[in-house]
Amino acid sequence: MPRTVTIKTDTTLRALGPMLLDARFRGEQVDAALDRLKALNPHADPERIPAGTVLFVPDTPAFKASAAASPQAAPIEEFRVMLTGALTDAANRLKTANAARAAERTDLSTVLKSAAFKRAAGDDRDVLQQVSDAQKVLAAEESEDKQAEDTLAAMSKAALAALAQLTKVAG
């Protein structure tokens with residue numbers, strides 16, 4: 001599958017040789033490789049290639065793989081940018097929601113520990129048991145919120161690492 005290269009400055013096909021071709025190729029090999037490049041790019045004038053022109057580069061041993069971008073590179077990069085944005089947005093929303101829940105837990109805990117509530121509850125064992133149960137639930141929710149943030153961060157890191165691997169494989 002051909003790769004692409006975007007020309008940065010005005011040039012000629014012959015001048016592109018050192019950038020695109022493997023240094024081991026000489027003479028007729030260079031001419032043959034440049035003929036393949038020319039055949040793959042009928043839209044380009046070999047004597048005048050303006051900056052911004054996109055050339056297709058044959059996927060053959062004569063051409064350096066690093067000199068051209070794979071056709072999959074741009075869509076993968078677009079996906080990486082979208083994924084990074086979505087994961088960052090999800091992390092921010094999760095942190096905001098967890099902060100709101102933490103504030104609610106603080107308010108509830110303050111009420112449960114207040115002298116007025118303690119007087120109202122008195123020695124009622126059912127109420128005291130419910131308060132104890134509520135405090136356990138509040139502590140568990142706080143732990144779950146932290147775990148959710150850590151899990152999202154780990155999953156985000158793993159997803160971006162897997163995408164980086166895919167980028168390497170795709171070329």
Side-chain angles (χ1 to χ4, degrees), residues 1-106 138-171:
M1 171 172 272
R3 297 173 178 270
T4 61
V5 64
T6 303
I7 304 304
K8 304 273 189 253
T9 60
D10 293 353
T11 190
T12 66
L13 193 63
R14 179 72 52 193
L16 288 174
M19 180 183 85
L20 296 176
L21 295 174
D22 188 312
R24 296 173 294 170
F25 287 80
R26 301 271 183 251
E28 290 180 16
Q29 293 173 317
V30 170
D31 292 338
L34 290 176
D35 285 344
R36 275 183 287 206
L37 184 64
K38 195 183 318 181
L40 199 54
N41 294 284
H43 62 283
D45 177 358
E47 298 305 315
R48 194 176 143 270
I49 303 172
T53 302
V54 176
L55 296 179
F56 294 103
V57 179
D59 194 11
T60 63
F63 292 91
K64 298 176 191 173
S66 62
S70 75
Q72 297 90 349
I76 291 174
E77 178 58 17
E78 281 182 38
F79 179 68
R80 186 197 63 76
V81 168
M82 286 177 26
L83 179 63
T84 301
L87 291 172
T88 299
D89 187 45
N92 290 338
R93 285 194 321 262
L94 180 60
K95 287 178 183 178
T96 299
N98 284 350
R101 287 169 41 111
E104 291 172 0
R105 285 192 297 272
T106 299
L138 294 175
E141 284 180 357
E142 184 175 355
S143 176
E144 289 168 1
D145 287 354
K146 174 69 172 129
Q147 185 179 9
E149 286 183 27
D150 292 346
T151 300
L152 180 59
M155 289 174 63
S156 297
K157 184 177 178 181
L160 292 173
L163 190 56
Q165 284 298 102
L166 178 63
T167 301
K168 286 180 185 177
V169 170

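Bear in mind that the values here come from a model prediction, so they are computed numbers and not experimental data.
- With sequence neighbours excluded, the residues that form a side-chain contact (heavy atoms from CB on, under 4.5 Å) with Ser156 are Leu87, Leu152.
- For the pair Leu40 and Pro58, the tightest heavy-atom approach, listed with the atom from each and the gap, is CD2-N, 3.6 Å.
- Sorted by first and then second residue, the pairs that involve residues 91-101 and meet side-chain hydrogen bond (donor to acceptor under 3.5 Å, both in side chains), not counting sequence neighbours, are Asp89-Arg93, Asn98-Glu149, Arg101-Asp145.
- Between Asp45 and Ile49 the shortest heavy-atom distance is O-CG1, 3.2 Å.
- Of the candidates Arg14, Lys38, Arg36, Arg14 is the only one forming a salt bridge (charged side-chain N to carboxylate O under 4.0 Å, His left out) with Asp31.
- The shortest heavy-atom contact between Ala159 and Leu83 is CB-CD2, 4.3 Å.
- At least one side-chain heavy atom of Leu55 sits under 4.5 Å from a side-chain heavy atom of Leu16.
- Once rounded to the nearest 0.5 Å, the distance linking OG1 of Thr151 with CG of Leu94 reads 9.5 Å.
- Between Thr12 atom OG1 and Arg48 atom CZ the span is 12.0 Å, to the nearest 0.5 Å.
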